[in-house]
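The structure appears below as structure tokens.
Numbering of residues begins at 1 and proceeds along the displayed sequence.
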Amino acid sequence: MAARTSTIERKTNETSISIAINLDCQAGSGNKQEISVSTGIGFLDHMYHALAKHSGMSLTMKCEGDLWIDDHHTADESLGTVFKQALGEVRGIRRYGTGFAPLDEALSRAVIDICSRPFCVTNLGIKREKIGDLSTEMLPHIFYSFAIASGVTLHVDVLRGENDHHRAESAFKALALAIREAITRTGGDDVPSTKGVL
């Protein structure tokens, strides 16, 4: 089977980002999972690390952004872009994925459809202005940017939880589990759509 890997580098006046991804590093794949994330924002690193770990991806991400302004440009769409490139043609995969992830009192659900119809709905219920050095308004932006750049329909809902760190982390882990299910190879070569094309 063809390797599902991709690498991108992007430099602007605001950020310098390099990302390498391998979608097939789950246990039993024969590929060692390697994760190295450095964005300059500790909590964002933590979220991307959890996303990669639980989706079974290898992820190397290095970002140098204009954090002296704010965190907006660092939390951009590049992960969605590299994910779409690595996945390639939507063929021979499950397409749909659902993930539920608890973290202590928090519980999140993520549902993804790899369908080339980008759309995103989030309901995170975060109350704090920041978690660590990450503005919490960036959390839905990260999910939205990923969905639009990767061409997926994505719904992420935090169903319950009191601690905002737990709410956010359970949301990323739920997305990881949904991605892992959706990109699972079926063993066939069909396009998973009645239209015959995605």
Side-chain angles (χ1 to χ4, degrees), residues 17 19 21 23 26 35 37 39 41-57 59 61 63 71-87 90 93-184 192 198:
I17 299 175
I19 305 178
I21 194 171
L23 299 182
Q26 301 87 352
I35 303 169
V37 180
T39 65
I41 305 171
F43 188 73
L44 184 59
D45 293 354
H46 182 41
M47 295 301 97
Y48 281 144
H49 193 281
L51 180 67
K53 177 66 177 177
H54 297 288
S55 63
M57 298 183 215
L59 175 65
M61 177 186 291
C63 178
D71 51 9
H72 185 84
H73 299 136
T74 297
D76 81 342
E77 71 280 354
S78 296
L79 183 60
T81 301
V82 75
F83 174 83
K84 183 175 183 178
Q85 289 176 359
L87 190 61
V90 182
I93 63 168
R94 294 189 65 172
R95 175 181 164 179
Y96 298 100
T98 303
F100 287 86
L103 180 54
D104 295 345
E105 87 296 347
L107 176 65
S108 294
R109 175 188 61 220
V111 182
I112 192 170
D113 178 9
I114 301 175
C115 59
S116 302
R117 289 192 308 279
F119 200 84
C120 183
V121 179
T122 60
N123 184 4
L124 306 180
I126 304 289
K127 298 180 181 72
R128 288 165 55 181
E129 183 178 343
K130 283 191 161 195
I131 304 175
D133 290 326
L134 181 67
S135 303
T136 55
E137 68 179 5
M138 295 310 302
L139 293 166
H141 175 72
I142 290 165
F143 293 127
Y144 174 84
S145 297
F146 176 82
I148 299 306
S150 63
V152 305
T153 294
L154 177 63
H155 293 254
V156 181
D157 297 279
V158 178
L159 304 177
R160 65 177 63 94
E162 299 299 321
N163 181 292
D164 282 346
H165 183 134
H166 293 171
R167 292 175 74 92
E169 187 170 344
S170 69
F172 274 85
K173 288 177 175 177
L175 174 57
L177 297 174
I179 288 172
R180 186 172 187 158
E181 181 177 20
I183 66 174
T184 298
L198 284 172

Practice problem: Measure the spacing between CG of Leu177 and CD1 of Ile112 and express it to the nearest 0.5 Å. | Solution: 11.5 Å
Exercise. Check whether any side-chain heavy atom of Ile179 lies under 4.5 Å from a side-chain heavy atom of Met57, and answer yes or no.
Key: yes
Quiz item: Does any non-hydrogen side-chain atom of Asn163 lie less than 4.5 Å from one of Asp104?
Solution: no
Quiz item: Can you name the nearest heavy-atom pair linking Arg180 to Gly56, along with the distance?
Solution: NH1-N, 4.4 Å
Quiz item: Can you tell me how far the CG atom of Leu107 sits from the CG atom of Leu159, to the nearest 0.5 Å?
Solution: 4.5 Å
Practice problem: Answer yes or no: is there a donor N or O on one side and an acceptor on the other, between the side chain of Arg167 and the main chain of Gly161, under 3.5 Å? | Solution: yes
Quiz item: How many angstroms lie between OG in Ser170 and NE2 in His165, if you round to the nearest 0.5 Å?
Solution: 10.0 Å
Quiz item: Any donor-acceptor pair under 3.5 Å linking the side chain of Thr136 with the backbone of Glu129?
Solution: yes
Quiz item: In this structure, are over 12 heavy atoms from other groups packed under 6.0 Å from Phe43 atom CZ?
Solution: yes
Quiz item: Once you round to the nearest 0.5 Å, how far does CD of Glu169 lie from NE2 of His49?
Solution: 11.0 Å
Quiz prompt | Phe119 side chain reached by Asp113 side chain, heavy atoms, under 4.5 Å | solution = no
Exercise. Return the minimal non-hydrogen interatomic distance between Ala149 and Lys84, and the atom names on each side.
Key: O-CD, 3.6 Å
Practice problem: Please report the shortest heavy-atom distance between Ile126 and Ala168, naming the atom on each side. | Solution: CD1-N, 4.1 Å
Practice problem: Would you please indicate yes or no on a ring centroid separation below 6.0 angstrom for His46 and Phe172? | Solution: no
Quiz item: Side-chain contact, heavy-atom cut-off 4.5 Å: Leu154 with Phe143?
Solution: yes
Self-check item: Main-chain N/O of Thr39 paired with Asp45 side-chain donor or acceptor, under 3.5 Å
Solution: yes
Practice problem: Might you point out which heavy atoms bring Ala147 and Pro118 nearest each other, and give the distance in Å? | Solution: O-CB, 3.6 Å
Quiz item: How far apart are the closest heavy atoms of Glu181 and Tyr96, and which atoms are they?
Solution: CG-O, 3.9 Å
Practice problem: Using atom types as modelled and distance alone, determine if a side-chain donor or acceptor of Glu162 lies under 3.5 Å from a backbone N or O of Glu105. | Solution: no
Quiz item: Between Tyr48 and Ile19, is any pair of side-chain heavy atoms under 4.5 Å apart?
Solution: no
Exercise. For the pair Ser145 (side chain) and Ile142 (backbone), establish whether a donor and an acceptor sit closer than 3.5 Å, ignoring hydrogens and angles.
Key: no
Quiz item: When rounded to the nearest 0.5 angstrom, what distance separates CG in Leu175 from CE in Met47?
Solution: 12.0 Å
Quiz prompt | Flag for His141-Glu137: side-chain donor and acceptor within less than 3.5 Å | solution = no
Exercise. Please confirm whether the backbone N or O of Ala101 pairs with a side-chain atom of Ser108, one donor and one acceptor, at under 3.5 Å?
Key: no
Self-check item: Check: Lys130 main-chain N/O paired with Arg128 side-chain donor or acceptor under 3.5 Å
Solution: yes
Quiz item: If every non-hydrogen atom of Gly99 is compared with every non-hydrogen atom of Ala178, which pair is closest and at what distance?
Solution: N-CB, 3.7 Å
Quiz item: For the atom pair CD1 (Ile21) and CD1 (Ile35), what is the distance rounded to the nearest 0.5 Å?
Solution: 10.5 Å
Quiz prompt | Side-chain donor or acceptor of Asn123 paired with backbone N/O of Asp157 under 3.5 Å | solution = no
Practice problem: With the side chain counted from C-beta on, respond yes when Leu59 and Leu51 share a heavy-atom pair under 4.5 Å apart, and no when they do not. | Solution: no
